[in-house]
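Below is one structure, written out as structure tokens; comments come after it.
The sequence lines fix the lettering, A, B, ..., with proteins before strands; numbering per chain opens at 1. Here the structure is a predicted model, which is why all the values come from computation and not from measurement. Atom set for the values below is all heavy atoms of this structure, side chains included, hydrogens, waters and symmetry mates excluded.
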Amino acid sequence: NAGVTQTPKFQVLKTGQSMTLQCAQDMNHNSMYWYRQDPGMGLRLIYYSASEGTTDKGEVPNGYNVSRLNKREFSLRLESAAPSQTSVYFCASSGPGNSYGYTFGSGTRLTVV
Amino acid sequence: RKEVEQDPGPFNVPEGATVAFNCTYSNSASQSFFWYRQDCRKEPKLLMSVYSSGNEDGRFTAQLNRASQYISLLIRDSKLSDSATYLCVVNMAGSARQLTFGSGTQLTVLP
């Protein structure tokens with residue numbers, strides 16, 4: 001049981017380049033989330049999808065777009081990367097009721113130079 | 001004021017010690033509470049949910065005080081493997097299952 005799978009694990013971009021972070025879950029969860037984690041800032045919500053076909057902004061959505069491709073997959077796109085987007089990105093999913101919190105992917109370490 | 005506040009530490013304790021972490025949250029209508037553990041350069045993993053009556057899982061005890069908007073985690077008989085960052089996590093009222101994370105408390109258990 002893979003849980004939540006994120007790709008790539010590492011990426012270096014030049015300022016202005018674009019890329020898509022991929023996330024897939026095999027737990028039949030309805031809700032999926034993208035967070036970024038910066039030193040001293042904790043995890044901050046970028047976007048979330050409460051169910052297939054819906055997406056909503058979180059705390060720090062600027063500079064990002066998302067697509068909930070189907071129930072399993074939720075991608076995060078950086079259209080024009082900036083050094084301020086250097087961070088660790090985590091995808092997570094949760095099931096009905098959220099009684100058990102979130103399951104996280106292993107993260108993508110992104111550096112924008 | 002941060003929505004979820006934790007003492008960042010670091011806490012350095014000897015093996016076998018008892019250590020307690022505290023957390024406060026700003027929204028009195030918050031509904032669900034958790035402690036997560038995050039190892040260095042890894043993803044956060046659910047350690048335990050926190051219930052109003054308090055709950056225990058082996059060496060770990062979690063307490064919730066809704067009146068004071070305060071959550072605690074107690075670790076007894078610390079092991080080297082307990083070294084990690086502990087995240088206090090709250091489901092804010094009306095946030096559609098979105099979780100708000102504290103910045104974490106770093107624990108190092110020393111031999």
Side-chain angles (χ1 to χ4, degrees), chain A residues 2-7 9-10 21 23 25 27 29-51 54-61 66 74 87-111, chain B residues 1-10 21 23-27 30-53 55 57 60 62 64 71 73 84-106:
Chain A
V4 179
T5 303
Q6 283 184 243
T7 56
K9 293 190 182 302
F10 302 93
L21 282 64
C23 176
Q25 52 93 7
M27 297 171 287
H29 283 168
N30 290 325
S31 303
M32 298 185 73
Y33 312 84
W34 276 105
Y35 282 86
R36 61 178 288 173
Q37 187 174 35
D38 303 292
M41 299 290 290
L43 284 150
R44 293 182 292 169
L45 182 65
I46 304 171
Y47 270 93
Y48 69 98
S49 171
S51 61
T54 68
T55 61
D56 286 285
K57 295 178 180 180
E59 181 185 354
V60 288
V66 291
F74 188 39
S87 188
V88 181
Y89 292 85
F90 288 104
C91 178
S93 69
S94 68
N98 206 36
S99 300
Y100 301 103
Y102 292 176
T103 300
F104 283 87
S106 58
T108 296
R109 298 185 180 280
L110 175 66
T111 301
Chain B
R1 181 187 172 189
K2 289 184 180 178
E3 292 181 305
V4 180
E5 292 205 62
Q6 296 181 248
D7 181 345
F21 304 137
C23 167
T24 57
Y25 58 95
S26 61
N27 189 333
S30 296
Q31 299 170 348
S32 304
F33 309 89
F34 309 90
W35 283 101
Y36 275 70
R37 170 195 170 123
Q38 186 172 25
D39 293 291
C40 186
R41 303 179 72 80
K42 299 284 189 180
E43 72 273 23
K45 292 185 178 178
L46 180 64
L47 179 66
M48 59 195 303
S49 300
V50 186
Y51 303 118
S52 297
S53 56
N55 49 299
D57 183 1
F60 298 84
L64 169 64
I71 307 162
L73 177 68
T85 297
Y86 291 83
L87 306 174
C88 177
V89 185
V90 176
N91 173 213
M92 296 293 181
S95 62
R97 291 199 293 273
Q98 296 169 49
L99 299 183
T100 301
F101 289 76
S103 299
T105 299
Q106 185 180 344

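For B:P44, the parts lying under 4.5 angstrom from a heavy atom of chain A are both the backbone and the side chain. When heavy atoms are compared at a cutoff of 4.5 Å, A:Q37 approaches chain B solely by way of its side chain, counted from C-beta outward. For chain B, the nearby parts of A:L43 are the backbone and the side chain; heavy atoms of each come within less than 4.5 Å. Heavy atoms closer than 4.5 Å to chain A are found in the side chain of B:Q38, but not in its backbone.
Among B:R41, B:M48, B:K45, the residue making the largest number of heavy-atom pairs under 4.5 Å with chain A is B:R41.
Note that OH of A:Y48 is 12.0 Å distant from CG of B:L99, once rounded to the nearest 0.5 Å.
Heavy-atom minimum distance, A:F104 versus B:F101: CZ-CZ, 3.4 Å. Residues A:R109 and B:K42 share a closest heavy-atom pair of NH2-N, 4.1 Å.
Between B:Y36 and A:Y102, some side-chain heavy-atom pair lies under the 4.5 Å cut-off.
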